[in-house]
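See structure below.
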Amino acid sequence: MKLNMITAAALMALAPYSALAETIEVKMLNKGEAGVMVFEPRFVSAEVGDTVVFLPVDKGHNAETIKGMVPEGQDSFTGKMNKEVSVEVTAEGMIGVVCKPHAAMGMVMVIQVGGADAPEGFLDAKMPRKAKEAFEEILAEGAAS
């Protein structure tokens with residue numbers, strides 16, 4: 001009886017945190033509002049505990065983090081081609097995401113966690129010119145909203 005009460009109390013204490021977490025969907029598209037080969041949306045604001053789900057709406061895409069563009073405390077991820085990938089956000093900061101086959105076409109997106117600004121050197125990671133230009137555009141749009 002006592003163990004059941006402790007378990008129930010523990011579950012009730014955790015309930016508000018899981019109830020606050022959101023699931024945010026990001027589509028991987030051949031064509032979207034921002035052009036061809038895009039994530040939609042390209043900029044996501046999330047909180048620690050949220051889950052971002054990348055949906056392969058069109059074939060030929062994946063979602064993965066870029067080395068040097070992941071905050072400390074957040075695991076990197078590499079989704080498989082044409083497969084949904086679900087990522088739990090575990091640390092505040094900015095996360096840079098790319099579709100590896102379409103990086104040269106600028107298929108990138110940003111997950112902003114906890115309202116963080118882009119850290120110094122965020123765009124110093126090795127990437128194609130179009131990807132860097134897309135990140136600069138996305139960050140400017142995100143700062144304006």
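Scope of the values below: all heavy atoms of this structure, side chains included, with no hydrogens, waters or symmetry mates.
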Please name the pair of heavy atoms, one in [X] and one in [Y], separated by the smallest distance, quoted to 0.1 Å.
{"X": "M109", "Y": "V26", "answer": "CE-CG2, 4.0 Å"}
{"X": "A46", "Y": "V89", "answer": "CB-CG2, 4.4 Å"}
{"X": "P71", "Y": "M94", "answer": "CD-O, 3.2 Å"}
{"X": "G49", "Y": "A21", "answer": "O-CB, 3.3 Å"}
{"X": "V113", "Y": "A91", "answer": "CG1-O, 3.2 Å"}

Within the distance-only criterion (no hydrogens, no angle test), does the side chain of N30 pair as donor or acceptor with the backbone N or O of D58 below 3.5 angstrom? no

Not counting sequence neighbours, which residues clear side chain to side chain donor-acceptor pair (under 3.5 Å) with N62? List them please. E64

What residues form a side chain to side chain donor-acceptor pair (under 3.5 Å) with S45, not counting sequence neighbours?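 Listed in chain order: Q112.
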
Can you list every ring-ring contact (aromatic ring centres under 6.0 Å, His included) pair that touches residues 79-100, not counting sequence neighbours? none

If a pair satisfies ring-ring contact (aromatic ring centres under 6.0 Å, His included) and one of its residues is in residues 68-98, list it, with sequence neighbours excluded. F54-F77

Pair listing, side-chain hydrogen bond (donor to acceptor under 3.5 Å, both in side chains) test, anchored in residues 79-97, at least two apart: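 Only Q74-T90 qualify under side-chain hydrogen bond (donor to acceptor under 3.5 Å, both in side chains).
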
Would you give me the side-chain donor-acceptor pairs under 3.5 Å for residues 95-108, sequence neighbours excluded?
{"from": "H102", "atom 1": "ND1", "to": "H61", "atom 2": "ND1", "distance (Å)": "3.2"}

Mind checking whether T23 and V53 have side chains closer than 4.5 Å, heavy atoms only? yes

Using the test salt bridge (Lys or Arg N to Asp or Glu O under 4.0 Å), find all partners of E47 that sit at least two apart in sequence or belong to another chain.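 Salt bridge (Lys or Arg N to Asp or Glu O under 4.0 Å) list for E47, sorted by chain: empty.
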
Between V110 and I66, is there shared hydrophobic-cluster membership here, with clusters defined by ILVMFWY side-chain heavy atoms closer than 4.5 Å? yes

Identify every side-chain donor-acceptor pair in residues 31-42 under 3.5 Å, counting partners at least two apart or on other chains, and give the distances.
{"from": "E40", "atom 1": "OE1", "to": "E33", "atom 2": "N", "distance (Å)": "2.8"}
{"from": "R42", "atom 1": "NH1", "to": "E137", "atom 2": "OE1", "distance (Å)": "3.4"}
{"from": "R42", "atom 1": "NH2", "to": "E137", "atom 2": "OE1", "distance (Å)": "3.0"}
{"from": "R42", "atom 1": "NH2", "to": "E141", "atom 2": "OE1", "distance (Å)": "3.2"}
{"from": "R42", "atom 1": "NH2", "to": "E141", "atom 2": "OE2", "distance (Å)": "2.9"}

Listed pairs under 3.5 Å, donor-acceptor, residues 118-136 side chains, sequence neighbours left out:
{"from": "R129", "atom 1": "NH1", "to": "E133", "atom 2": "OE1", "distance (Å)": "3.4"}
{"from": "R129", "atom 1": "NH1", "to": "E133", "atom 2": "OE2", "distance (Å)": "2.8"}

Between OG1 on residue T65 and CG on residue D75, distance to nearest 0.5 Å: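 Nearest 0.5 Å value for the OG1-CG distance: 9.0 Å.
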
Report the C-alpha separation of V85 and V87 in whole Å, then their side-chain angles, then the decisive distance to 0.1 Å, and conclude whether the side chain to side chain contact (heavy atoms under 4.5 Å, CB included) test is met. CA-CA 7 Å; V85 62; V87 178; 4.3 Å; yes

